[in-house]
Protein chains: 2
Amino acid sequence: MSDAAPAPEELGLRERKKILTRETIASAAFELAQEHGLDDVTVSDIAERAFVSPRTVSNYFHSKEAAIVAADENEPMEMLAGFEDRPHDEPALQSLRTVLAGSVRSWSDEHAQRLRAKEQLIDRAPALLPHRMAQYDELEDAIRHAVAKRTGVDPETDAFSRLIAGAASAAVKTAVRMWMNSDAGPDALAALVEQSFDELESGLHHDA
Amino acid sequence: MSDAAPAPEELGLRERKKILTRETIASAAFELAQEHGLDDVTVSDIAERAFVSPRTVSNYFHSKEAAIVAADENEPMEMLAGFEDRPHDEPALQSLRTVLAGSVRSWSDEHAQRLRAKEQLIDRAPALLPHRMAQYDELEDAIRHAVAKRTGVDPETDAFSRLIAGAASAAVKTAVRMWMNSDAGPDALAALVEQSFDELESGLHHDA
DNA sequence: CGCATTGTTGCGTGTTGAGCAACAAGCGTG
DNA sequence: CACGCTTGTTGCTCAACACGCAACAATGCG
């Protein structure tokens with residue numbers, strides 16, 4: 001579950017199949033919701049398009065909403081890849097700025113476009129919002145653990161890692177919200193992320 | 001019944017009754033979940049304890065989870081009462097610090113205790129987490145609109161109000177998480193809120 | 001004091017989430 | 001390479017749920 005440092009990422013066939021199934025279900029759910037609207041999609045519909053049984057859909061997600069929101073989502077751990085390699089004397093906020101902006105910038109145009117569409121769908125179907133918020137919470141958790149690990153503190157009891165994780169997550173969220181109604185690509189999103197981090201670094205004084 | 005309802009305004013009887021019903025249902029839901037665990041509570045149980053029909057529970061909340069999380073919740077607008085009265089030349093972050101910390105400090109010990117219990121319950125029942133995150137999002141929205149209103153910008157397109165709202169919300173969340181496993185009162189929570197805002201103001205440099 | 005408005009309730013229905021047991025598809029070991 | 005162990009998938013079943021609808025009751029207003 002929580003890959004520490006070891007590199008052995010040779011996944012068995014089983015694991016890969018599971019991941020593929022999960023992605024297929026999520027994509028099917030998202031596409032259907034986009035086509036017919038959230039209320040006119042059932043788990044049976046999703047199952048059918050994903051070539052699995054309805055029961056299997058339930059095995060992967062507690063609800064169709066969770067499945068929809070999971071589509072094309074970036075693993076928080078992937079978003080933070082490279083954080084450990086940053087110089088440890090660099091301020092954490094700056095490391096996060098570099099890594100997160102870089103991660104966003106590496107997205108393909110297609111991936112970015114799907115994420116934009118997903119954000120727009122969530123705005124149209126408010127029932128999805130809690131689940132998206134939970135995803136930001138996962139990102140926040142990943143950041144928090146990464147920061148705590150670097151500074152050698154307990155992620156549960158350390159206030160600073162919590163706060164910086166929340167702030168960094170808010171920076172990403174802000175950038176996404178600003179970007180989602182434009183027609184710009186990943187580069188523009190990355191620039192917005194950097195801009196948000198700049199304001200955080202300067203203590204959120206309005207002139208930024 | 002069990003709650004000292006904060007509905008002091010001169011609302012019609014109808015409005016007050018609705019608010020009371022909502023609070024009664026939410027409290028019933030929370031108490032039952034605390035007593036028996038989330039999975040062993042049905043909407044019928046909740047309805048029974050709240051002296052309403054199951055159908056009415058559905059009228060107020062889309063799910064029992066939403067009802068549970070709504071218990072003893074502070075209206076975001078109330079949390080921000082007084083923000084408009086702060087001097088307009090004061091940095092927004094400082095105004096928020098004062099208002100939010102003050103709001104938290106004014107809570108009764110009982111209210112604080114119930115909120116703590118709710119946080120603990122949410123940790124035990126992860127299915128509640130998305131809904132709590134959505135509540136933080138509501139707080140964030142309220143902050144965003146308040147800040148945008150003061151500076152006269154469009155809350156939808158202005159990046160700064162989004163970011164500061166997210167950061168302030170993260171400050172509150174951080175404080176609550178740090179506080180929830182202690183046995184301290186509202187004053188201690190308020191102090192933690194102020195501490196988080198201090199770190200935000202100083203640009204999140206670790207020495208804070 | 002009626003009439004319009006609006007909250008509450010019961011009913012019916014399509015959907016959901018999950019436990020269970022059977023089956024099949026990886027996987028490890030000898 | 002074949003056997004058994006582990007684990008993902010499926011169909012079945014059922015309690016619970018969300019919600020539209022229409023009747024009813026309480027409130028608010030003129």
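Below, chains carry the letters A, B, ... as their sequence lines are ordered, and counting in each starts from 1. As the structure is a prediction and not an experimental result, all values here were calculated from the model. Basis for what follows: all heavy atoms, side chains included, without hydrogens, waters or symmetry-related copies.
Pairs of residues two or more places apart, or lying in two chains, never qualify as salt bridge (charged side-chain N to carboxylate O under 4.0 Å, His left out) while including a residue from residues 58-71 of chain B. Counting only residues at least two apart or on different chains, the side chain to side chain donor-acceptor pair (under 3.5 Å) pairs with a member in residues 168-178 of chain B are E140(A)-K173(B), D123(B)-R177(B).
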Atom pairs and distances, donor-acceptor, side-chain atoms in residues 69-77 of chain A, under 3.5 Å, two or more places apart:
from	atom 1	to	atom 2	distance (Å)
D72(A)	OD1	R114(A)	NE	2.7
D72(A)	OD1	R114(A)	NH2	3.3
D72(A)	OD2	R114(A)	NE	3.1
E73(A)	OE1	K118(A)	NZ	2.5
N74(A)	OD1	W107(A)	NE1	3.4
N74(A)	OD1	H111(A)	NE2	2.6

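In this view, T42(A) and D45(A) satisfy the side-chain hydrogen bond (donor to acceptor under 3.5 Å, both in side chains) rule, not counting sequence neighbours. Listed by chain and number, the residues in a side-chain hydrogen bond (donor to acceptor under 3.5 Å, both in side chains) with R144(A) are D141(A) (sequence neighbours excluded). Among residues two or more places apart in sequence or in another chain, the side-chain hydrogen bond (donor to acceptor under 3.5 Å, both in side chains) test is passed with E90(A) by R86(A), S95(A). When the side-chain hydrogen bond (donor to acceptor under 3.5 Å, both in side chains) test is applied to T98(A), no partner is found at least two apart in sequence or on another chain.
In this structure, D40(A) atom CG and dT15(C) atom P are separated by 10 Å, rounded to whole Å. The nearest whole Å value for the distance from the NZ atom in K64(A) to the P atom in dT15(C) is 9 Å. As a whole-Å value, the separation of H62(A) NE2 from dG19(C) C1' is 16 Å. Following rounding to the nearest Å, E65(B) (CD) and dG17(C) (P) show an atom-to-atom distance of 10 Å.
Side-chain N/O atoms of Q113(A) and R116(A) include a donor and acceptor closer than 3.5 Å. In summary, the side chains of Q94(A) and R97(A) do not present any donor paired with an acceptor at a separation below 3.5 Å, with no hydrogens or angles considered. Side chain to side chain, S53(A) and T56(A) meet the donor-acceptor criterion of an N or O pair below 3.5 Å.
Using a 4.5 Å heavy-atom threshold, the side chains of V147(B) and L96(B) count as touching.
Checked by atom type and distance alone, the side chain of S182(B) pairs as donor or acceptor with a backbone atom of W179(B) at under 3.5 Å.
Note that the CG atom of L129(A) and the CE atom of M133(B) stand 10.5 Å from one another [nearest 0.5 Å].
Sparse packing is recorded around CD of E48(A), with 12 or fewer heavy atoms of other residues, nucleotides or ligands lying under 6.0 Å away. Within a 6.0 Å radius of CG in D183(B), no more than 12 heavy atoms belonging to other residues, nucleotides or ligands are found.
Contact annotation for Y60(B): backbone-only contact, meaning every heavy-atom pair under 4.0 Å involves sugar-phosphate atoms and none involves a base.
Between the two ends of the helix from dC1(C)-dG30(D) to dG30(C)-dC1(D), each summarised by a five-pair axis, the helix axis turns through 40° (rounded to 10 degrees).
The stretch residues 18-26 of chain A touches DNA chain D through K18(A), T21(A), each having a heavy atom within less than 4.0 Å of the strand.
In 5' to 3' order, the nucleotides of DNA chain D bounding all contacts with chain B (an atom under 4.0 Å from a heavy atom) are dA16(D) to dG28(D).
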Item checked: Protein-to-nucleotide contact annotation, 5' to 3' order, nucleotides 23-30 of chain C [B base; S sugar-phosphate only; - none; under 4.0 Å, heavy atom] -> --BBS---
Next item on the list: Would you mind building the protein contact string for nucleotides 9-14 of chain C? One character per nucleotide, 5' to 3', B for base within reach (heavy atoms under 4.0 Å), S for sugar-phosphate only, - for untouched.
Entry: BBB---
